[in-house]
**Q** 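Once you've had a glance at the structure underneath, I'll fire off some questions.
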Amino acid sequence: MYTTVRSKSASTFDHLRTALSLLESDSTSQVIFFASPERETADLHPNDGTSSNFPLVCLLAKVDLPGVHPVYVLCDGLFLTAARRPRYSEVQDLLDAACSSGKAFFSTVRAPFTSRQRPDEATQTLLEVAQLEPLTAASRAQYFGLLSEISEEQYP
């Protein structure tokens, strides 16, 4: 049993701050990163933005509070993207923090778009599809490869 809340940040800067706060919190035990599909699918919702931004970063953070069932914080929809230089810089900052956190993982398979689903349904969907690997400096390129056709080293 768990509770899920969906992040409602208004800008990519706020999304980044939310994600960094989750990574830094002592109450957060795990942060799972996902990559969305590269193209529109039947699961697409207007909140997911346009295909020029795909794939999108999605994350699910597990927060453990004493005396409370786990709480998942869901960050989906048009959250973060590495599609263009200014947005890539935000993803770069997030991955820097994630790799040094010791609590970050990524799914080696793409997640479906989940913003059409209720938060608890979206969490269940993500947990079911996740095939996890620790997100470290050594595995970072593998996750980034799900977000971009070019490597971080090649990024302009």
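Numbers here simply count residues along the sequence, with the first being 1. Note that the structure is a prediction, hence the values are computed from the model and not measured.
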**Q** Is it true that a side-chain atom of S148 and a backbone atom of G145 form a donor plus acceptor pair closer than 3.5 Å?
**A**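 Flag not set: sc S148 to bb G145 has no pair under 3.5 Å.
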
**Q** With the side chain counted from C-beta on, respond yes when C58 and S36 share a heavy-atom pair under 4.5 Å apart, and no when they do not.
**A**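 Heavy-atom side-chain distance check fails, nothing below 4.5 Å.
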
**Q** Hey, what do you get for CZ (F34) to OG1 (T108), rounding to the nearest 0.5 Å?
**A**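 The OG1 atom of T108 is 10.5 Å from CZ of F34, to the nearest 0.5 Å.
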
**Q** How long is the span from the CD atom in Q92 to the CZ atom in F144, to the nearest 0.5 Å?
**A**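 It is 8.5 Å, given to the nearest 0.5 Å.
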
**Q** Does the side chain of L74 reach to within under 4.5 Å of the side chain of V5, using non-hydrogen atoms?
**A**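 Of all side-chain heavy-atom pairs linking V5 with L74, none is under 4.5 Å.
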
**Q** Is it the case that one hydrophobic cluster holds both F113 and F79, taking links as side-chain heavy atoms less than 4.5 Å apart, direct or via other members?
**A**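 No: no chain of side-chain contacts under 4.5 Å links F113 to F79.
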
**Q** Can you tell me how far apart OG (S7) and CG (L59) are? Round to the nearest 0.5 Å.
**A**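 It is 8.0 Å, given to the nearest 0.5 Å.
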
**Q** Could you go through D48 and S115, starting from their C-alpha distance and side-chain angles, then the distance that decides it, and tell me whether this counts as side-chain hydrogen bond (donor to acceptor under 3.5 Å, both in side chains)?
**A** CA-CA 7 Å; D48 297 321; S115 58; 2.8 Å; yes

**Q** Between S107 (side chain) and Q131 (backbone), is there a donor-acceptor pair under 3.5 Å?
**A**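 Pair found, side chain donor or acceptor close to backbone of Q131.
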
**Q** Considering only NZ, NE, NH1 and NH2 on the basic side and carboxylate oxygens on the acidic side, decide whether R116 and D43 come within less than 4.0 Å.
**A**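 The answer is no: the pair does not qualify as a salt bridge.
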
**Q** T81 side chain to N53 main-chain N or O, any donor-acceptor pair under 3.5 Å?
**A**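 Checking the backbone N and O of N53 against the side chain of T81, a donor-acceptor pair under 3.5 Å is found.
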
**Q** Under 3.5 Å, is there a donor-acceptor pair between the side chain of K103 and the main chain of T28?
**A**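 Confirmed, K103 side chain pairs with T28 backbone.
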
**Q** Ignoring hydrogens and geometry, is there a side-chain-to-backbone donor-acceptor pair from D93 to E90 under 3.5 Å?
**A**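 No; judged by distance alone, with no hydrogens or angles, the pair does not exist.
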
**Q** Roughly how far, to the nearest 0.5 Å, is NZ of K62 from CZ of F105?
**A**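 Rounded to the nearest 0.5 Å, the CZ-NZ separation comes to 10.5 Å.
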
**Q** Donor-acceptor check, side chain of Q154 to backbone of S151, threshold 3.5 angstrom: yes or no?
**A**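 A pair under 3.5 Å: yes.
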
**Q** Give a yes or no answer on whether the side chain of R110 reaches the backbone of L146 with a donor-acceptor pair at less than 3.5 Å.
**A**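 Pair found, side chain donor or acceptor close to backbone of L146.
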
**Q** Salt bridge check: are D96 and R140 linked by an N-O gap of less than 4.0 Å?
**A**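 A salt bridge links D96 with R140.
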
**Q** For a quick test of reading the model, state the closest non-hydrogen atom pair linking T4 to P119 and the distance between them.
**A**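 That closest heavy-atom pairing would be CG2-O, 3.5 Å.
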
**Q** Any chance you could lay out the ring pair (Phe, Tyr, Trp, His ring centres under 6.0 Å) test for Y2 and H69, step after step, and finish with the verdict?
**A** CA-CA 5 Å; Y2 57 83; H69 293 290; 9.4 Å; no

**Q** Heavy atoms only: give me the nearest S52-A83 pair and the separation to one decimal.
**A**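 Answer, listing the atom of S52 first, then A83: O-CB, 3.6 Å.
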
**Q** So V63 and P70, do their side chains get closer than 4.5 Å, heavy atoms only?
**A**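 When only atoms from C-beta onward are counted, V63 and P70 do not touch, as no gap falls below 4.5 Å.
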
**Q** Whether the side chain of S139 engages the backbone of Q142 through a donor-acceptor N/O pair (distance < 3.5 Å, no angle test) should be reported.
**A**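 Not confirmed, S139 side chain does not pair with Q142 backbone.
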
**Q** How close do P37 and A111 get, heavy atom to heavy atom, and via which atoms?
**A**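 Closest pair (atom of P37, atom of A111, distance): CD-O, 3.0 Å.
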
**Q** Any sub-3.5 Å donor-acceptor pair from T114's side-chain atoms to Q117's backbone N or O?
**A**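 Not at all, since once roles are kept as given, no pair shorter than 3.5 Å links the two residues.
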
**Q** Could you see if V91 belongs to whatever hydrophobic cluster contains I150? Use Ile, Leu, Val, Met, Phe, Trp, Tyr and a side-chain cutoff under 4.5 Å.
**A**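 Cluster IDs for V91 and I150 match.
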
**Q** How many angstroms lie between OG in S29 and CG in L65, if you round to the nearest 0.5 Å?
**A**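 Result: 10.0 Å between the selected atoms.
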
**Q** Can you tell me how far apart OG (S101) and CG (L135) are? Round to the nearest 0.5 Å.
**A**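 The OG atom of S101 sits 7.5 Å away from the CG atom of L135.
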
**Q** Evaluate L60 against L127 for side-chain contact (heavy atoms from CB on, under 4.5 Å), listing each step before the verdict.
**A** CA-CA 9 Å; L60 188 61; L127 291 173; 3.9 Å; yes

**Q** With clusters defined by side-chain heavy atoms of hydrophobic residues (ILVMFWY) lying less than 4.5 Å apart, directly or transitively, does L22 cluster with V68?
**A**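 Shared cluster, yes.
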
**Q** Report yes or no: does S25 contribute a side-chain atom to a donor-acceptor pair with the main-chain N or O of S21 at less than 3.5 Å?
**A**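 No, S25 side chain to S21 backbone: no donor-acceptor pair under 3.5 Å.
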
**Q** What do you reckon, is CZ of R17 surrounded by more than 12 foreign heavy atoms closer than 6.0 Å?
**A**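 No, not enclosed.
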
**Q** Any chance you could lay out the ring pair (Phe, Tyr, Trp, His ring centres under 6.0 Å) test for Y143 and F106, step after step, and finish with the verdict?
**A** CA-CA 7 Å; Y143 175 64; F106 72 98; 5.7 Å; yes

**Q** Is it the case that one hydrophobic cluster holds both F54 and V57, taking links as side-chain heavy atoms less than 4.5 Å apart, direct or via other members?
**A**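 Hydrophobic grouping puts F54 apart from V57.
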
**Q** Does a side-chain heavy-atom distance below 4.5 Å link L78 with L56?
**A**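 Of all side-chain heavy-atom pairs linking L56 with L78, at least one is under 4.5 Å.
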
**Q** Transitively linked via ILVMFWY side-chain contacts under 4.5 Å: L126 with L80?
**A**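 The answer is no; the residues belong to distinct hydrophobic clusters.
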
**Q** Do S9 and T18 have side-chain heavy atoms sitting under 4.5 Å apart?
**A**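 They are in contact (side-chain heavy atoms under 4.5 Å apart), so the answer is yes.
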
**Q** Dump the intermediate steps for side-chain contact (heavy atoms from CB on, under 4.5 Å) on L20 and L16, then the final yes or no.
**A** CA-CA 6 Å; L20 292 174; L16 177 60; 3.8 Å; yes

